[in-house]
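For reference, the structure is listed below as structure tokens.
Remember, it's a predicted structure, so these values are computed and weren't measured experimentally.
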Amino acid sequence: MDGPANVTTTPRSVEEIFKDFRNRRTAIVRALTSDVEEFSNLCDPDKDNLCLYGLSNGTWEVTLPAEEVPTELPEPALGINFARDGMNRKDWLSLVAVHSDSWLLSVAFYYAARLNRNDRKRLFGMINDLPTVYEVVSGGPRQTKDRSSVDSGSKSKITKQSSDGQLENMSRGTGHEGYGEDDGEHSETICGYCNGIYSADEFWICCDVCERWYHGKCVKITPAKADSIKQYKCPSCSSSKKPRQ
């Protein structure tokens, strides 16, 4: 069971489970960011216990928990609507985000329980490379493993948040401008690989062919490596037989 209203084929391979996780995560991130007003309005404290579901088709819904006991899949946190008017908006969304992260991992492990140890390790390594919902929503701690190579003096193709919310390219030297700044006003730009929403804390690179943006870690490009690339082509464009006109 996908959620209270959707029935889908059970994902079985590492790639299928990761895709399921990524789609559910993307949906929840959207509910708590770009769709936050709609999400908040649906969380009426006068209603019964409500849950936030991220569905495998990339959509989200706020609804009552599944009626059957036990449920086929782990259930999200109950009663997220009750705290809507009793907490600061940001704190409430952060709390929902933490519970959503826990639920996403529970669903992934439910499917992954049938995998062998090495496959589970690979799956959760892929999952761990994505920012958590909490990190996206609250601006909490983020992975900064590429920061040392950036600060070492390399010039790399990264993104910078401009005053009007648009993304622009910049060459980076030894300074800290544009890297690690507050991304509370981030645009809706998403990674072409993991669908993660733009964060100024992370290294990004743009394909010069299709002009889609990617996390450096998703396409295995470090800031130092990007410095030596004259024209970057993403994996999709690199595998194309004919160059785009």
Side-chain angles (χ1 to χ4, degrees), residues 14-36 54-60 97 100-101 104-105 108 122-147 149-150 156-162 165-170 172 178-227 229 231-240 244:
V14 170
E15 288 72 23
E16 289 173 341
I17 297 172
F18 179 67
K19 180 179 179 181
D20 179 88
F21 174 91
R22 190 175 63 191
N23 288 347
R24 293 176 189 272
R25 171 190 168 278
T26 299
I28 290 176
V29 167
R30 188 182 305 115
L32 301 181
T33 55
S34 60
D35 296 348
V36 66
L55 308 182
S56 61
N57 63 5
T59 63
W60 61 270
S100 296
D101 280 318
L104 288 169
L105 289 174
R122 182 161 67 92
L123 171 64
F124 285 99
M126 294 164 67
I127 288 175
N128 198 48
D129 281 340
L130 298 176
T132 63
V133 177
Y134 172 78
E135 288 171 347
V136 174
V137 171
S138 71
R142 299 176 187 275
Q143 296 182 16
T144 56
K145 62 183 179 181
D146 287 333
R147 184 181 297 276
S149 60
V150 172
S156 307
K157 188 173 186 179
I158 66 174
T159 62
K160 177 186 177 184
Q161 190 79 22
S162 63
Q166 298 300 312
L167 298 177
E168 59 189 25
N169 294 339
M170 63 175 287
R172 175 164 183 85
Y179 193 85
E181 63 187 38
D182 182 14
D183 61 339
E185 299 297 327
H186 62 73
S187 74
E188 289 305 311
T189 297
I190 62 174
C191 174
Y193 178 80
C194 71
N195 291 330
I197 294 177
Y198 167 76
S199 164
D201 262 358
E202 299 172 300
F203 171 71
W204 286 64
I205 189 166
C206 179
C207 175
D208 289 311
V209 179
C210 66
E211 298 185 349
R212 296 189 69 182
W213 290 92
Y214 296 87
H215 285 108
K217 61 189 177 185
C218 287
V219 292
K220 296 180 172 58
I221 298 292
T222 64
K225 186 174 181 180
D227 184 41
I229 301 175
Q231 183 185 49
Y232 174 68
K233 291 184 180 181
C234 68
S236 177
C237 291
S238 296
S239 62
S240 299
R244 294 194 177 193

Exercise. Judged by atom type as modelled, is there a donor-acceptor pair below 3.5 Å linking the side chain of Arg30 to the main-chain atoms of Gly58?
Worked result: yes
For this session: Would you give the length of the straight line joining atom OG of Ser56 to atom CD of Glu16, rounded to the nearest 0.5 angstrom?
Result: 11.5 Å
Exercise. Parallel, tilted or perpendicular: which fits the ring planes of His215 and Trp204, with parallel below 30° and perpendicular above 60°?
Worked result: tilted
Seminar exercise, completed: In short, Val219 meets Pro235 closest at the heavy-atom pair CG1-CD, 3.8 Å
Problem set entry | Check: Glu211 and Cys237 side chains under 4.5 Å, non-hydrogen atoms | no
Exercise. Got Lys225 and Lys220 here, is their nearest side-chain heavy-atom distance under 4.5 Å?
Worked result: no
Problem set entry | Non-hydrogen side-chain atoms of Ile221 and Tyr214 separated by less than 4.5 Å | no
Exercise. Given side chains that start at C-beta, do those of Ile229 and Asp208 come closer than 4.5 Å, heavy atoms only?
Worked result: no
For this session: Show your working on side chain to side chain contact (heavy atoms under 4.5 Å, CB included) between Arg22 and Met126 and close with a plain yes or no.
Result: CA-CA 10 Å; Arg22 190 175 63 191; Met126 294 164 67; over 6 Å; no
For this session: Heavy atoms only: give me the nearest Ala108-Ile17 pair and the separation to one decimal.
Result: O-CG2, 4.0 Å
Problem set entry | SG on Cys194 to NZ on Lys217, rounded to 0.5 Å | 7.0 Å
Problem set entry | Sub-4.5 Å side-chain heavy-atom contact between Leu123 and Phe21 | no
Exercise. Within 45° of the six-membered ring axis of Tyr193 and under 6.0 Å from that ring's centre, is NZ or CZ of Arg212 located there?
Worked result: no
Problem set entry | Cys210 vs Ser236 side-chain heavy atoms within contact, under 4.5 Å | no
Exercise. Are any of the side-chain heavy atoms of Thr222 and Phe203 separated by less than 4.5 Å?
Worked result: no
For this session: State, yes or no, whether a side-chain contact exists between Trp60 and Leu32 at a heavy-atom distance under 4.5 Å.
Result: no
Problem set entry | CZ-CG distance between Phe18 and Asp129, expressed to the nearest 0.5 angstrom | 8.0 Å
Problem set entry | Smallest separation among heavy atoms of Cys234 and Cys207, with atom names | N-SG, 3.4 Å
Exercise. Who are the side-chain hydrogen bond (donor to acceptor under 3.5 Å, both in side chains) partners of Arg122, not counting sequence neighbours?
Worked result: Glu15
Problem set entry | Nearest atoms (heavy-atom pairs only) where Arg24 meets Leu104 | CB-CD2, 3.5 Å
Exercise. When you measure from the side chain of Thr59 to the backbone N and O of Leu55, does any donor-acceptor pair fall under 3.5 Å?
Worked result: no
For this session: Check Val133 against Asp101 and note the closest heavy-atom contact, atom names and distance.
Result: N-OD1, 2.8 Å
